[in-house]
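Here is the structure we will look at.
Order of the sequence lines sets the chain letters (A, B, ...), proteins ahead of strands, with each chain counted from 1. As a basis for the values below, the full set of heavy atoms in this structure was taken, side chains included, without hydrogen atoms, waters or symmetry mates. All figures in this text were calculated on a predicted structure; none of them were measured in a lab.
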Number of protein chains: 2
Amino acid sequence: MTTRRRGKDLEDAILSAAAEELRESGYPGMTMDRVAARAGTNKNAIYRRWPHRAALGIAAYRHLADAAMPDPDTGTLRGDALEMLRRANETWSSPFGAILRGLLAAAADDPELLTLMRERSGADTMDRAWLAMIQRAVARGEAPGEAAHPRVAATPMTLLRGEYATRGIPSVPDEILVEIVDEVFLPLVRGRAG
Amino acid sequence: MTTRRRGKDLEDAILSAAAEELRESGYPGMTMDRVAARAGTNKNAIYRRWPHRAALGIAAYRHLADAAMPDPDTGTLRGDALEMLRRANETWSSPFGAILRGLLAAAADDPELLTLMRERSGADTMDRAWLAMIQRAVARGEAPGEAAHPRVAATPMTLLRGEYATRGIPSVPDEILVEIVDEVFLPLVRGRAG
DNA sequence: CTCTTAAGGTACGGCGTGTACCCTATGAGA
DNA sequence: TCTCATAGGGTACACGCCGTACCTTAAGAG
């Protein structure tokens with residue numbers, strides 16, 4: 001330990017350590033002591049940068065996330081929607097998604113943290129992608145223009161999240177995704193005609 | 001303290017104490033020590049009955065819940081749906097709902113607890129009420145028979161829960177409820193015709 | 001070369017969960 | 001009526017974690 005890290009170097013080391021802890025133990029299992037130890041520093045350095053454990057957790061989560069997949073384009077609205085749901089399901093059911101859910105659970109009481117989460121977790125990006133997808137379908141004449149409504153766009157993802165919330169875990173079976181698309185999303189889009 | 005409580009007496013005392021703690025401090029603030037003190041007993045008696053704090057929390061929550069309102073019957077599907085959402089919004093935004101949300105957050109990782117919660121929290125009852133409501137609309141000729149689908153029935157409540165999950169707070173404004181009904185639920189019901 | 005700033009080291013206070021141990025009232029059954 | 005297994009009461013404690021305080025020491029700007 002000849003040299004002593006400072007500023008950004010140290011900050012990155014802490015974030016990486018926290019991210020690894022998140023990956024290994026989830027948010028509830030991420031302790032400040034272990035993060036400090038893993039980063040080869042001490043809690044002072046952490047608390048000088050982040051006020052809470054939660055703040056560090058969110059910041060570290062961001063360190064993991066960098067998805068930014070391209071929009072699906074299967075040619076049909078049904079195909080695109082299913083693809084989106086399947087991708088989301090994969091993400092949410094990965095250990096990675098478990099972390100996100102842990103964070104969400106911890107933030108559930110704290111509006112301030114919740115908005116932080118929304119920004120970082122790409123939920124808004126997701127909604128925009130759905131809207132764009134619907135607009136492509138409208139352009140193809142596959143859906144009525146009234147279908148391009150934010151709440152319609154957000155519905156399938158909300159339903160998927162609902163599955164996680166009530167079932168609780170590993171992964172939502174594909175039939176459910178199909179059901180969400182065929183029994184809710186597509187009828188909804190059609191029902192908005194005229 | 002001439003007499004010493006046993007069995008059901010003591011159990012009720014503990015549950016009542018836990019329920020009061022829940023009401024006053026929410027689930028995160030309900031500590032075993034305080035519950036024991038409030039019940040005039042000690043943690044032994046509690047841990048002999050419930051394995052976790054979470055288990056006690058869920059059991060105590062049940063002690064608070066006894067709603068069972070009659071179904072709304074406004075004469076129109078739109079009116080009934082709005083009424084259901086408004087009632088749910090009231091419940092969920094009450095301190096009482098905050099408790100429920102705290103419990104849900106704590107149980108989010110544990111499927112076992114989640115099923116316990118579902119049974120106790122009346123979510124299934126709620127879904128049945130929605131289905132019955134839709135079936136009345138079908139009988140009136142107000143909705144197509146295909147609309148009486150469990151997933152359709154569950155959609156509005158899931159969307160409302162989604163609002164709580166992302167916004168995080170006090171109460172969902174009425175416009176949002178109206179939007180859920182007019183922009184999603186009713187188009188969905190109509191879109192399932194034919 | 002000095003001096004402010006930030007890192008390292010370490011020790012705590014406080015709180016909460018779950019367990020251990022030992023004492024004592026209760027009530028069922030002989 | 002007496003005995004005795006059972007369950008409640010009291011208390012202490014190990015353990016883990018968060019967040020803070022305090023002091024020492026390196027780094028690097030001026």
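- Every residue two or more places apart in sequence or in another chain that forms a side chain to side chain contact (heavy atoms under 4.5 Å, CB included) with A/Arg78 is listed here: A/Thr76, A/Leu82, A/Val178, A/Val181, A/Asp182, A/Leu186.
- The side-chain hydrogen bond (donor to acceptor under 3.5 Å, both in side chains) test applied to A/Asp73 returns no partner, not counting sequence neighbours.
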Name each donor-acceptor pair under 3.5 Å that joins a side chain in residues 40-51 of chain B to protein atoms two or more places apart or in another chain, with its distance.
residue, atom, partner, partner atom, Å
B/Arg49, NH1, B/Ala45, O, 3.0
B/Arg49, NH2, B/Gly7, O, 3.3

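- Looking at A/Asn44, its side chain has no donor and acceptor atom pair within 3.5 Å of the base of C/dA6.
- Shown here are the side chain to side chain contact (heavy atoms under 4.5 Å, CB included) partners of A/Pro150, two or more places apart in sequence or in another chain: there are none.
- Evaluation of the side-chain hydrogen bond (donor to acceptor under 3.5 Å, both in side chains) rule for A/Asp174 yields A/Arg86 as partners, not counting sequence neighbours.
- For the ring-ring contact (aromatic ring centres under 6.0 Å, His included) condition, no pair includes a residue of residues 131-150 of chain B, sequence neighbours left out.
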For nucleotides 13-17 of chain D, tabulate all protein N/O to nucleotide N/O atom pairs closer than 3.5 Å, reporting atom names and distance.
none

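- The end-to-end axis angle of the helix from C/dC1-D/dG30 to C/dA30-D/dT1, rounded to 10 degrees and based on five pairs per end, is 0°.
- For A/Arg38, the side chain to side chain contact (heavy atoms under 4.5 Å, CB included) criterion is met by A/Ala17, A/Glu20, A/Glu21, A/Glu24, not counting sequence neighbours.
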Could you go through nucleotides 1-5 of chain C and list every protein N or O atom that sits under 3.5 Å from one of its N or O atoms, giving the distance for each pair?
residue, atom, partner, partner atom, Å
C/dT5, O2, A/Arg6, NH2, 3.4

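- In this structure, A/Asn42 places its CG atom 9 Å from C1' of C/dT10, rounding to the nearest Å.
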Tell me which donor-acceptor pairs under 3.5 Å the side chains of residues 134-145 of chain B have, and how far apart each pair is, sequence neighbours excluded?
residue, atom, partner, partner atom, Å
B/Arg136, NH2, B/Pro72, O, 2.9
B/Arg140, NE, B/Gly75, O, 3.2
B/Arg140, NE, B/Glu142, OE1, 3.2
B/Arg140, NH2, B/Glu142, OE1, 2.7
B/Glu142, OE1, B/Leu77, N, 3.2
B/Glu142, OE2, B/Leu77, N, 3.0

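- With sequence neighbours excluded, the residues that form a ring-ring contact (aromatic ring centres under 6.0 Å, His included) with B/Phe185 are B/Trp130.
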